[in-house]
Trainee: 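I have a structure here, written as structure tokens, and I will follow up with some questions on it.
Every number for a ligand or one of its atoms is a count from 1 in the order of the listing.
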Amino acid sequence: MNVLLLGASGRIGQRTATELLDRGHTVTGVSRSGTVDGIDDNEFVAVVGDATDPDHVAMLAAGHDAVVSTLGPSDDESAGRLTEMVEAVIEGLRRADVDRLVWTGGAGGLMVGPETMLVETDDFPEEWDAIARAAIDAYDRLSEASGLAWSYVAPAALIEPGERTGEYRTAERELVTDEEGDSYISMEDFAVALVDELEEENAVHTYLGTGY
Ligand SMILES: NC(=O)c1ccc[n+]([C@@H]2O[C@H](COP(=O)([O-])OP(=O)(O)OC[C@H]3O[C@@H](n4cnc5c(N)ncnc54)[C@H](OP(=O)(O)O)[C@@H]3O)[C@@H](O)[C@H]2O)c1
């Protein structure tokens, strides 16, 4: 596939670019800086783009088979920038007539009990509250988008650089935990999950949790 990867320079984005390229896809990697470290591949091009600008997103997306987002606001930006991004991406894809989007979401909106989301639990770190709620807002925006085959793929509660095992589990709208009750996935395996969803389309119009 010819894939537009929004947020390619980020921690999850770089690993997703590598996973896509290793599987033979062609990747246009977008970030505001326009540089992506550590990738040297003839099927990859890094470009400058602003994911809060629907015209820019439309121009970048044109001619691609699908868009994968690993976008996130910088540390110095408000969590609300994520809402600007999802709105611009939905509108930009509509204008470019691209109808497939795999979006990196957040674990905060995943259910940990019959009526409780992870973000609502007492132990949820205060400093992650705003970005977790912005990520839930992004899910709500996608849910309302018509004519778009979106998949919202969320990491486990904890995601860090690690190993690519190729193994992970998924659950629809639920936090994935291991036998000890820990919710974890490496960034490498999360990238595998994103690309699996892109290729297999098992979770279109779904909020998918991932983890071990
Ligand atoms: N447990 C969880 O739920 C969990 C944990 C970690 C991450 N996440 C989510 O996963 C996503 C990615 O996380 P990450 O750690 O990989 O983030 P990151 O390292 O900060 O990467 C964010 C990427 O977005 C790009 N970006 C930001 N604003 C942009 C704009 N206006 N236009 C174009 N590109 C823009 C950045 O590049 P430039 O700055 O160069 O533009 C960078 O490539 C985030 O949405 C984050 O909230 C969820």
Trainee: Is it true that T121 and D123 share a donor-acceptor pair across their side chains at a distance under 3.5 Å?
Mentor: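 Result is no, nothing qualifies.
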
Trainee: Among all protein heavy atoms in this structure, tell me which lies nearest to atom 15 (O) of ligand 1, with the distance rounded to 0.1 Å.
Mentor: R11 NE, 3.3 Å

Trainee: Is there a chain of hydrophobic side chains (I, L, V, M, F, W, Y, each step under 4.5 Å between heavy atoms) that links L6 to L93?
Mentor: yes

Trainee: With a 4.0 Å cut-off on heavy atoms, does A135 reach ligand 1?
Mentor: no

Trainee: Are E77 and R32 close enough, and set up right, to give a salt bridge (charged side-chain N to carboxylate O under 4.0 Å, His left out), and what steps lead you there?
Mentor: CA-CA 14 Å; E77 291 179 311; R32 288 168 299 185; 3.0 Å; yes

Trainee: Any side-chain heavy atom of F190 sitting closer than 4.5 Å to one from I12?
Mentor: yes

Trainee: Which ligand 1 atoms does G7 reach within 4.0 Å, using its non-hydrogen atoms?
Mentor: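 Answer, ordered by atom number: 23 (C), 24 (O), 25 (C), 43 (O).
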
Trainee: Answer yes or no: does an N/O atom from R32 fall short of 3.5 Å to an N/O atom of ligand 1?
Mentor: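 In this structure, R32 places an N or O atom under 3.5 Å from an N or O of ligand 1.
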
Trainee: Under 4.0 Å from any heavy atom of A156, which atoms of ligand 1 are there?
Mentor: 1 (N), 2 (C)

Trainee: Could you tell me which atoms of ligand 1, counted from 1 in the order shown, lie closer than 4.0 angstrom to a heavy atom of D50?
Mentor: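 In order of numbering, the contacting atoms are 30 (C), 31 (N), 32 (N).
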
Trainee: Which residue from G13, G72, A107 reaches closest to atom 2 (C) of ligand 1 through any of its heavy atoms?
Mentor: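 Considering heavy atoms of G13, G72, A107, the nearest to atom 2 (C) of ligand 1 sits in A107.
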
Trainee: Hey, which atoms in ligand 1 end up nearer than 4.0 Å to a heavy atom of S33?
Mentor: 40 (O)

Trainee: Using a strict cut-off of 4.0 Å, indicate which atoms of ligand 1 neighbour a heavy atom of G49.
Mentor: 32 (N), 33 (C)

Trainee: What's the spacing between E188 CD and T16 OG1 if we round to 0.5 Å?
Mentor: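 It comes to 9.5 Å.
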
Trainee: Roughly how far, to the nearest 0.5 Å, is the CG atom of L82 from the CD1 atom of I136?
Mentor: 11.5 Å

Trainee: Considering all protein heavy atoms, does one lie under 4.0 Å from atom 39 (O) of ligand 1?
Mentor: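 True for atom 39 (O) of ligand 1.
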
Trainee: Tell me which part of A157 gets within contact of ligand 1: side chain, backbone, both or neither, using heavy atoms under 4.0 Å.
Mentor: backbone

Trainee: R94 and D99: salt bridge (charged side-chain N to carboxylate O under 4.0 Å, His left out), yes or no, with the steps?
Mentor: CA-CA 7 Å; R94 192 188 64 75; D99 65 2; over 6 Å; no

Trainee: What's the shortest distance from atom 32 (N) of ligand 1 to any protein heavy atom, and which residue and atom give it?
Mentor: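 Checking every protein heavy atom, the shortest distance to atom 32 (N) of ligand 1 gives A51 N, 2.8 Å.
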
Trainee: If we ignore angles and hydrogens, is there a donor and acceptor under 3.5 Å between the side chains of E43 and T26?
Mentor: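 On atom types as modelled, these side chains qualify, holding a pair under 3.5 Å.
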
Trainee: Backbone or side chain, does any N or O of P155 fall under 3.5 Å from an N or O of ligand 1?
Mentor: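 So ligand 1 has no N or O lying under 3.5 Å from an N or O of P155.
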
Trainee: Touching ligand 1 at all, G34? Heavy atoms, strictly under 4.0 Å?
Mentor: no

Trainee: Nearest 0.5 Å, please: how far is CG in D129 from CZ in F124?
Mentor: 6.5 Å

Trainee: For the residue pair H205 and W150, does the interplanar ring angle fall in the parallel (under 30°), tilted (30 to 60°) or perpendicular (over 60°) class?
Mentor: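 Tilted.
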
Trainee: If we set the cut-off at 4.0 Å for heavy atoms, which region of I131 has an atom near ligand 1: side chain, backbone, both, or neither?
Mentor: side chain

Trainee: Is atom CD of E201 surrounded by more than 12 heavy atoms (other residues, nucleotides or ligands) closer than 6.0 Å?
Mentor: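 For E201, atom CD is crowded (more than 12 foreign heavy atoms under 6.0 Å).
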
Trainee: Side chains of R100 and S151 only: does a donor on one sit below 3.5 Å from an acceptor on the other?
Mentor: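 S151 and R100 do have a side-chain donor-acceptor pair below 3.5 Å.
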
Trainee: Against heavy atoms of S9, which atoms of ligand 1 measure under 4.0 Å?
Mentor: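 Per the distance check, 36 (C), 37 (O), 40 (O), 42 (C), 43 (O).
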
Trainee: Check for me whether M85 has a heavy atom closer than 4.0 Å to any atom of ligand 1.
Mentor: yes

Trainee: What's the shortest distance from atom 44 (C) of ligand 1 to any protein heavy atom, and which residue and atom give it?
Mentor: L71 O, 3.3 Å

Trainee: Carefully, step by step, assess E19 and R164 under the rule salt bridge (charged side-chain N to carboxylate O under 4.0 Å, His left out).
Mentor: CA-CA 10 Å; E19 185 67 29; R164 183 193 187 285; 2.9 Å; yes

Trainee: Of all the atoms in ligand 1, which lie at a distance below 4.0 Å from a heavy atom belonging to T70?
Mentor: 12 (C), 22 (C), 23 (C)

Trainee: Out of G10, A191, G105, S183, whose heavy atom is nearest to atom 8 (N) of ligand 1?
Mentor: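 Looking at heavy atoms only, the winner is G105.
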
Trainee: Is G106 in polar range of ligand 1, meaning some N or O pair under 3.5 Å apart?
Mentor: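 No: no nitrogen or oxygen of G106 is under 3.5 Å from one in ligand 1.
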
Trainee: What protein heavy atom is closest to atom 16 (O) of ligand 1, reported as residue, atom name and distance in Å?
Mentor: I12 N, 2.9 Å

Trainee: Is the Y212 to Y184 ring centre distance short of 6.0 Å?
Mentor: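 Yes, the ring centres sit under 6.0 Å apart.
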
Trainee: Under 4.0 Å from atom 5 (C) of ligand 1, can you find at least one protein heavy atom?
Mentor: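 So far as the 4.0 Å threshold goes, atom 5 (C) of ligand 1 is in reach of a protein heavy atom.
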
Trainee: Which of the numbered atoms in ligand 1 are below 4.0 angstrom from a heavy atom of T104?
Mentor: 10 (O), 11 (C)

